[in-house]
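Computed from a predicted model, the values in this text were never measured in an experiment. Letters A, B, ... mirror the listed sequences (proteins, then strands); counts begin at 1.
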Number of protein chains: 2
Amino acid sequence: MARIRHKELTCSPGCAVEATLQFIDGKWKGVVLYHLLKGTLRFNEIRRRLPNVTQRMLTNQLRELERDGFIERTVYAEVPPRVEYSLSERGLSLEPVIVALKAWGDANKDLWLPAEE
Amino acid sequence: MARIRHKELTCSPGCAVEATLQFIDGKWKGVVLYHLLKGTLRFNEIRRRLPNVTQRMLTNQLRELERDGFIERTVYAEVPPRVEYSLSERGLSLEPVIVALKAWGDANKDLWLPAEE
DNA sequence: CCGTATCCAAGCGGATACTG
DNA sequence: CAGTATCCGCTTGGATACGG
């Protein structure tokens with residue numbers, strides 16, 4: 001159990017909820033993590049799974065996930081270039097969160113699916 | 001209950017993840033839901049639990065949560081006014097998500113407590 | 001006590017063009 | 001293939017003042 005520094009203003013317990021959200025919000029992070037849960041993917045493989053993402057945004061989101069230690073980026077010195085992304089240990093630890101998010105979304109498709117009227 | 005219109009989601013299966021995130025992002029929604037899991041609260045009671053929220057933002061987030069059907073708002077015709085917020089059935093269904101978010105945040109306090117820079 | 005109304009700055013994110 | 005660079009509109013959200 002980590003030591004608590006009382007010097008900092010202790011936010012109410014729910015702060016942990018917001019903290020986690022800060023890491024996985026951003027327009028595409030959640031779904032990127034979801035896809036990487038199933039295994040390593042190349043840049044364009046991820047891109048194909050997110051039909052609406054722009055190249056700029058995907059790069060951006062991947063950089064943030066990498067900076068925060070959730071994914072690992074491997075560049076192969078080949079031509080044409082190959083770059084693979086995979087979850088780190090920390091990224092893997094988010095699995096329960098991603099699973100919960102997916103489960104709720106699936107169970108409530110009627111709220112967000114462009115269903116037939 | 002009517003379907004809710006958010007930003008378009010056209011991703012493959014992981015879409016459900018993004019969809020759920022769209023409902024609970026917003027700077028304070030997650031933590032508001034977390035506190036309401038423990039029971040009904042008045043406006044200022046919620047406010048006291050979020051030391052940094054402004055009145056405008058709290059109202060705003062509560063309105064969105066209400067519009068999306070996660071919380072219920074009860075106004076008592078009293079002076080001074082009393083307004084109570086509680087989770088709806090749908091809000092309650094988010095419990096596993098909130099719990100997962102909180103668990104991860106608690107388990108990774110070292111990532112967000114030392115104020116990043 | 002529980003809000004609204006207004007103003008405004010910061011930054012997210014889209015479109016597009018270019019590169020090794 | 002896997003990115004950068006640039007421009008820019010739009011939304012988010014903070015500060016503040018006022019209202020029932």
Side-chain angles (χ1 to χ4, degrees), chain A residues 9 11 15 17-19 21-33 35-36 40-68 71-86, chain B residues 4-11 15 17-19 21-32 35-36 40-68 71-86 115-117:
Chain A
L9 184 79
C11 35
C15 251
V17 177
E18 282 307 314
L21 280 174
Q22 286 191 30
F23 288 109
I24 61 177
D25 71 5
K27 194 158 186 191
W28 305 97
K29 286 187 194 175
V31 68
V32 165
L33 289 170
H35 286 296
L36 287 181
T40 297
L41 291 173
R42 301 179 56 167
F43 184 83
N44 273 353
E45 288 176 328
I46 300 175
R47 206 179 168 190
R48 252 175 263 124
R49 283 161 172 78
L50 313 180
N52 286 342
V53 79
T54 63
Q55 204 164 28
R56 187 179 96 85
M57 273 314 291
L58 182 52
T59 301
N60 185 14
Q61 302 285 282
L62 287 170
R63 291 290 175 278
E64 288 188 23
L65 288 171
E66 187 191 4
R67 187 200 52 201
D68 292 345
I71 64 176
E72 272 150 23
R73 179 170 176 268
T74 311
V75 183
Y76 295 87
E78 303 174 358
V79 176
R82 180 162 58 107
V83 180
E84 292 189 344
Y85 293 91
S86 61
Chain B
I4 285 108
R5 319 244 252 90
H6 271 165
K7 292 171 185 172
E8 281 184 28
L9 296 162
T10 48
C11 30
C15 202
V17 177
E18 282 306 314
L21 279 173
Q22 299 228 358
F23 287 109
I24 61 178
D25 71 5
K27 192 158 185 189
W28 305 97
K29 286 188 193 174
V31 68
V32 165
H35 286 295
L36 287 179
T40 297
L41 291 174
R42 301 180 57 168
F43 185 84
N44 273 353
E45 288 175 328
I46 300 176
R47 208 180 166 190
R48 252 174 266 125
R49 284 162 172 75
L50 313 182
N52 288 336
V53 78
T54 62
Q55 202 162 29
R56 186 178 96 85
M57 274 312 293
L58 181 54
T59 302
N60 186 15
Q61 303 284 284
L62 288 169
R63 290 291 175 278
E64 288 189 24
L65 287 171
E66 186 190 6
R67 182 204 59 195
D68 292 345
I71 65 175
E72 272 149 23
R73 179 169 177 269
T74 311
V75 183
Y76 295 87
E78 304 174 358
V79 175
R82 179 162 60 107
V83 181
E84 292 188 343
Y85 294 91
S86 60
E116 91 304 299
E117 174 132 5

Just jot down the side chain to side chain contact (heavy atoms under 4.5 Å, CB included) partners of Thr74(A), sequence neighbours excluded, or say none.
Tyr76(A)
Applying side chain to side chain contact (heavy atoms under 4.5 Å, CB included), can you list everything that pairs with Asp68(A), at least two apart in sequence or on another chain?
Phe23(A), Lys29(A), Phe70(A)
Summarise protein proximity over nucleotides 14-20 of chain C in one line of letters, 5' to 3': B for base, S for sugar-phosphate only, - for none, counting protein heavy atoms closer than 4.0 Å.
BB----B
Can you see if the side chain of Arg73(B) gets near the phosphate of dG3(C) - specifically, an N or O under 4.0 Å from OP1 or OP2?
yes
Residue-phosphate contact under 4.0 Å: Arg82(B) side-chain N/O, dC2(C) OP1/OP2
no
When you measure from the side chain of Gln61(A), which nucleotide among dC1(D), dC2(C), dG13(C) comes out closest?
dG13(C)
Heavy-atom nearest nucleotide on DNA chain C taken for Glu64(A) and for Arg63(B); more 5' hit belongs to Arg63(B)
Partner set under side chain to side chain contact (heavy atoms under 4.5 Å, CB included) for Asp25(B), not counting sequence neighbours
none
Please enumerate all residues that pass side chain to side chain contact (heavy atoms under 4.5 Å, CB included) together with Glu66(A), with sequence neighbours excluded.
Arg63(A), Ile71(A), Arg73(A)
How would you label the contact of Tyr85(B) with the nucleic acid (heavy atoms, under 4.0 Å): base, sugar-phosphate, or nothing?
sugar-phosphate
Whole-Å distance, Arg47(B) CZ to dG3(C) C1', equals 10 Å
So Val53(B) and Val31(B), do their side chains get closer than 4.5 Å, heavy atoms only?
no
Is the phosphate of dG13(D) approached by Asn60(B) (side-chain N or O, under 4.0 Å from OP1 or OP2)?
no
In whole angstroms, the gap separating C1' of dC1(C) from CZ of Phe43(B) amounts to 9 Å
Please report the distance, rounded to the nearest Å, between CD1 in Ile46(B) and P in dC1(C).
14 Å
Phe43(B) and Thr59(B), any side-chain heavy atoms less than 4.5 Å apart
yes
Just how far, in rounded Å, is P of dT4(D) from CG of Leu62(A)?
10 Å
Taking the side chain as C-beta and beyond, is there a heavy-atom pair between Glu84(A) and Leu41(A) under 4.5 Å?
no
Leu41(B) CG to dC2(C) P, straight-line distance once rounded to whole Å
11 Å
Close side-chain approach of Tyr85(A) and Thr40(A), heavy atoms under 4.5 Å:
no
Rounding to a whole Å, what distance do you find between Asp25(B):CG and dT11(D):P?
15 Å
Separation of Asn44(A) atom CG from dG3(D) atom C1', in whole Å?
10 Å
If we only count heavy atoms from C-beta on, is the Ile46(B) to Leu62(B) side-chain gap below 4.5 Å?
yes
Angle by which the axis turns from one end of the helix from dC1(C)-dG20(D) to dG20(C)-dC1(D) to the other, five pairs per end, to 10 degrees:
50°
Return the value, rounded to whole Å, for the distance between atom CD of Glu66(A) and atom C1' of dA2(D).
14 Å
